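Okay, so here's the structure we're looking at.
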Amino acid sequence: MIKSIIFDFDGTILDTETASYRAWMSIYKRYGLRMSLKDWGRFVGTTNKEDNPYTFIKNNVADFALSENEVRSEMRQIASATIHYDQILPGVKELIFYAQNKNLKLGIATSSLRETVFHHLEKLNLQSVFDVVTTRDDVTTVKPDPELYLKTIEALKVNKNEVVAIEDSPNGALAAKRAGIICIVVPNQITKGLRFPEVDFIFESLEELDVSLLD
C-alpha cells in the first residue's frame with residue numbers, strides 16, 4: 001500500500017528547467033558556445049563540480065574571468081523573468097489533492113538549493129503542502145545517488161515499498177530506483193528526448209496517471 005508520494009521539483013512540479021536551459025544558452029551564445037538538448041541532459045536533475053554548465057564555459061573559453069557565482073546569478077535573473085508561476089505542471093495539483101484526501105504523506109527530494117525551492121513553493125502557494133522537503137543542502141551527494149530519496153523516506157517515517165517517486169529526468173529516476181522505490185516518470189520539454197533507466201511507469205503528462213495504481 002502506498003503511504004507517501006515524493007516529488008522531484010524542477011521540471012516535475014514547475015517547469016524551471018526550460019527557463020534555465022534557455023538562460024544558459026543565451027549566456028553561451030555570448031561566447032560563441034552551443035549545446036544540444038541531448039548533451040544538456042547530463043546536467044538535468046543533478047550537480048557536478050567538475051562537469052556543470054559553468055565549467056563548460058570555463059573549459060571552452062580562454063581566460064574566462066567571471067566567477068561561478070557571478071555567472072549563476074545572471075542565469076537566475078534571466079530565467080526568473082520567464083518562469084510562469086501560474087503554470088504549475090499538468091496533473092500536479094490533482095495528485096496533491098488526491099494524496100491529501102487519502103492522507104498520504106507528501107515529500108520533495110530535489111538536487112536544487114533549499115533557498116531556491118522554497119522561493120518557488122512560496123510563489124506557487126505550496127509551502128505548507130509538503131511534510132518533508134529535502135534538498136542538496138541536506139545531503140552529501142545528489143542525484144543520481146539515492147541519498148536524497150533515502151533521507152526523505154527516513155524523515156517521512158515510511159518504508160521503501162510504501163513510496164512512489166515522481167520524476168522527470170534520467171538522473172532523478174536512477175536515484176529513485178537505486179533507493180528501491182517505485183518511480184513514475186513524466187518527461188518535460190527538456191528531458192523528453194533523453195534515455196531513461198528502467199522505471200515503473202512513463203507518462204507524457206501526470207494527468208494520464210490512473211490513481212488506482214496507487215491504491
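This structure is a prediction, so every number in the text was calculated from the model and none was measured. Values below: all heavy atoms of this structure, side chains included; hydrogens, waters and symmetry mates excluded. Start at 1 with the first residue, then count along the sequence.
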Heavy-atom pair of closest approach, residues I108 and I6: C-CG2, 4.1 Å
Test item: side-chain donor near acceptor, Q189 and D15, under 3.5 Å: no
Quick check: are there more than 12 heavy atoms from other residues, nucleotides or ligands sitting under 6.0 Å from CD of E122? no
Salt-bridge test for D138 and K151: reply yes if a basic N is under 4.0 Å from a carboxylate O, no otherwise. no
ILVMFWY cluster, I166 and F196 together (side-chain gap under 4.5 Å): no
Short side-chain donor-acceptor distance under 3.5 Å, D137 and T135: yes
Hey, would you say the F56 and Y28 ring centroids sit under 6.0 Å apart? yes
Quick check on R22: does its CZ atom have over 12 non-hydrogen neighbours (other residues, nucleotides or ligands) under 6.0 Å away? no
Taking all non-hydrogen atoms of both residues, which atom of T47 and which atom of R136 are closest, and how far apart? CG2-NH1, 3.4 Å
Heavy-atom closest contact (V199 atom, C183 atom, distance): CB-O, 3.9 Å
Residues, nucleotides or ligands: over 12 heavy atoms within 6.0 Å of R30 CZ: yes
Closest heavy-atom contact between V186 and L206? CG1-N, 3.7 Å
Please report the interatomic distance CG(N161) to NZ(K3), rounded to the nearest 0.5 Å. 9.0 Å
Any side-chain heavy-atom pair of T191 and V185 under 4.5 Å: no
A side-chain contact here means heavy atoms from C-beta on lying under 4.5 Å apart; do V139 and D145 qualify? no
Specify whether W24 and W40 have parallel, tilted or perpendicular ring planes, treating 30° as the upper limit for parallel and 60° as the lower limit for perpendicular. tilted
So F130 and L121, do their side chains get closer than 4.5 Å, heavy atoms only? yes
Is the Y31 ring parallel, tilted or perpendicular to the F64 ring (thresholds 30°, 60°)? perpendicular
With a 6.0 Å cut-off (strictly less than), is the heavy-atom count around CD of Q100, excluding the residue itself, greater than 12? yes
Examine distances only and state if a side-chain atom of S73 and a backbone atom of N69 form a donor-acceptor pair shorter than 3.5 Å. no
Other residues, nucleotides, ligands: >12 heavy atoms within 6.0 Å of E94 CD: yes
Side chains of D210 and S212: do they bring a donor and an acceptor to under 3.5 Å? yes
